[in-house]
Amino acid sequence: MFNTLIVNKNDEGKTSAEITQIGLDDLPAGDVTVAVEYSTVNYKDGLCLGPGGGLVRNYPHVPGIDFAGTVEASDDPRYKAGDKVVLTGWRVGEAHWGGYAQKARAKADWLVPLPAGLDTRRAMAVGTAGLTAMLAVMALEDHGIKDGPVLVTGAAGGVGSVATAILAGLGHEVAAVTGRPETADYLTSLGATQIVAREDLNETTKRPLEAETWAGCVDAVGGEMLARVLGQMKYGASVSAVGLAGGAGLPATVIPFLLRGVNLLGIDSVMQPYDNRLRAWERIAKDLPMDKLEAMVQPATLRDLPALGRDILKGQIKGRVVVDVNA
Ligand code: NDP
C-alpha cells in the first residue's frame, strides 16, 4: 500500500482532496509502473485541485500533471526496472491518474528517460512549466532571435523563471515583467538584466504600434499584456505564447503582423511526441544553469498541495514547487 492524494466529487458537485492508502491494483492500466519520487505544482494542477475540479475528466482522481521517478516494472522493452524517467503532458493528472502518489502507471510513450545531468528532483524543479519554457525558447530560436532584449512575462512564475534562466544562460539580455516588485532581486539572480513593472504593460493604449523594443518574447500571461507586447516587438521578431495567467482574451489588431512581420507562435507541451520531448529535455540538461534552478525551488509534501493549488491560481507562487511525495 502507498500514499496517494485522491480527489473526489460529491453529488452536489463539491470536490474534496485527501491522502489515502491504495494498492498497485487500484492504479489505472499502463505499460510502465513508476515509483514516483517528485511531482510539482503547475497552473493546471491548481485548477484540478480547485473547487470545480478544473480539467479533471473522471473521479476519483489523482492530480499531478508531471512526475519523475524510478521504473518499478515495465511491459515495454524501452524501459527496465531501475531506469530514471520523467513524465509530462498527455492529459496525465487530468484524464489519467497523475503524480500526486508514491506510485503511478502510465503508457511507455508518455515517458522519457532522464538525460545525463538531471536527477529526479531537478527534473521536477523544471517540470512541465520548465519544459514549456524550453519549447518556447526553441521556437524563438527556430524563427531567429533578433538583437536586443528578450521579454519574459509572468517572470516570477514557473514558466517565466525557467525561461529567464535559460535565455540569460544562452547569453541573451532578458527583460523580466513582474507584478511583484519584491521579486526583482530573485529575477536578477536568474539573469534578468531589466525588470519591467506589470502595470507598465497592462495599461491599454490605442496605438497598435509602439517603439520597436523586444527582440523576442516568452509570454505566460496572454490577455491585454500580450496585445500590448505585440505592438512593441522588433520587425520580424517572434512571441512564443505559452499561457493565459492574465486572461484568455486577445484584444489586439492585425497591424503588428502586417506592418512589423511579427510571428505569434503557440506553444503546447501536452501532445509533444517523444522525440521533441527528449530533445527539449536534453537541451534543458545542457543549457539551464543548475545553480539558478536550485534558487527557484520551493519544497513541498503531499499535505501542502491543497493550499499550494490555491496559491498558484492567485499568481502567488515564486519559481517552482517540488513535491517530495515520500516526505
Ligand atoms: P505561475 O502561476 O507559476 O506563473 C504565472 C505568472 O503570471 C505569475 O507568477 C505572475 O507573475 C503572472 N500573473 C499572474 N496573474 C497575472 C495577471 N492577472 N496579469 C498579469 N500577470 C499575471 O504559472 P506557470 O508559470 O506554471 O504557468 C503560466 C501559464 O502558462 C499558465 O496559464 C499555464 O496554464 C500555462 N502553461 C502552459 C503550458 C503549455 O503547454 N502551453 C504548460 C505550462 C503552463 P509575476 O508575479 O511575475 O507578475
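Heavy-atom basis, side chains included; hydrogens, waters and symmetry copies ignored. One-based numbering, in listed order, for ligands and for the atoms of each.
- There is no path of hydrophobic side-chain contacts, each under 4.5 Å, that joins Leu151 to Ile145.
- Under the 4.5 Å side-chain heavy-atom criterion for grouping Ile, Leu, Val, Met, Phe, Trp and Tyr, Ile65 is not connected to Val323 through any hydrophobic cluster.
- Of the charged side-chain nitrogens involved, at least one lies within less than 4.0 Å of a carboxylate oxygen, so that Arg78 and Asp109 count as a salt-bridged pair.
- Remark: Val85 pairs with Val34, Val71, Tyr79, Leu111 by the side-chain contact (heavy atoms from CB on, under 4.5 Å) rule, at least two apart or across chains.
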Quick one: ligand 1 N/O to protein N/O pairs below 3.5 Å?
{"unit_1": "ligand 1", "atom_1": "3 (O)", "unit_2": "Gly158", "atom_2": "N", "d": "2.9"}
{"unit_1": "ligand 1", "atom_1": "9 (O)", "unit_2": "Gly157", "atom_2": "N", "d": "3.4"}
{"unit_1": "ligand 1", "atom_1": "9 (O)", "unit_2": "Arg180", "atom_2": "NH2", "d": "3.1"}
{"unit_1": "ligand 1", "atom_1": "15 (N)", "unit_2": "Ala245", "atom_2": "O", "d": "3.4"}
{"unit_1": "ligand 1", "atom_1": "21 (N)", "unit_2": "Arg198", "atom_2": "NE", "d": "3.3"}
{"unit_1": "ligand 1", "atom_1": "25 (O)", "unit_2": "Gly158", "atom_2": "N", "d": "3.1"}
{"unit_1": "ligand 1", "atom_1": "25 (O)", "unit_2": "Val159", "atom_2": "N", "d": "2.8"}
{"unit_1": "ligand 1", "atom_1": "32 (O)", "unit_2": "Leu244", "atom_2": "N", "d": "3.0"}
{"unit_1": "ligand 1", "atom_1": "32 (O)", "unit_2": "Ala245", "atom_2": "N", "d": "3.4"}
{"unit_1": "ligand 1", "atom_1": "40 (O)", "unit_2": "Ser269", "atom_2": "N", "d": "2.7"}
{"unit_1": "ligand 1", "atom_1": "40 (O)", "unit_2": "Ser269", "atom_2": "OG", "d": "2.8"}
{"unit_1": "ligand 1", "atom_1": "41 (N)", "unit_2": "Val242", "atom_2": "O", "d": "2.9"}
{"unit_1": "ligand 1", "atom_1": "41 (N)", "unit_2": "Ile267", "atom_2": "O", "d": "2.7"}
{"unit_1": "ligand 1", "atom_1": "46 (O)", "unit_2": "Arg180", "atom_2": "NE", "d": "2.6"}
{"unit_1": "ligand 1", "atom_1": "46 (O)", "unit_2": "Arg180", "atom_2": "NH2", "d": "3.2"}
{"unit_1": "ligand 1", "atom_1": "47 (O)", "unit_2": "Ala156", "atom_2": "N", "d": "3.0"}
{"unit_1": "ligand 1", "atom_1": "47 (O)", "unit_2": "Thr178", "atom_2": "OG1", "d": "2.7"}
{"unit_1": "ligand 1", "atom_1": "48 (O)", "unit_2": "Gly179", "atom_2": "N", "d": "2.7"}
{"unit_1": "ligand 1", "atom_1": "48 (O)", "unit_2": "Arg198", "atom_2": "NE", "d": "3.4"}
{"unit_1": "ligand 1", "atom_1": "48 (O)", "unit_2": "Arg198", "atom_2": "NH2", "d": "2.8"}

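- Taking the charged nitrogens against the carboxylate oxygens, Arg277 and Glu282 have no contact shorter than 4.0 Å, which rules out a salt bridge.
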Verify side-chain contact (heavy atoms from CB on, under 4.5 Å) between Gln232 and Glu212, making sure each step is shown before the conclusion.
CA-CA 5 Å; Gln232 299 180 349; Glu212 288 185 50; over 6 Å; no

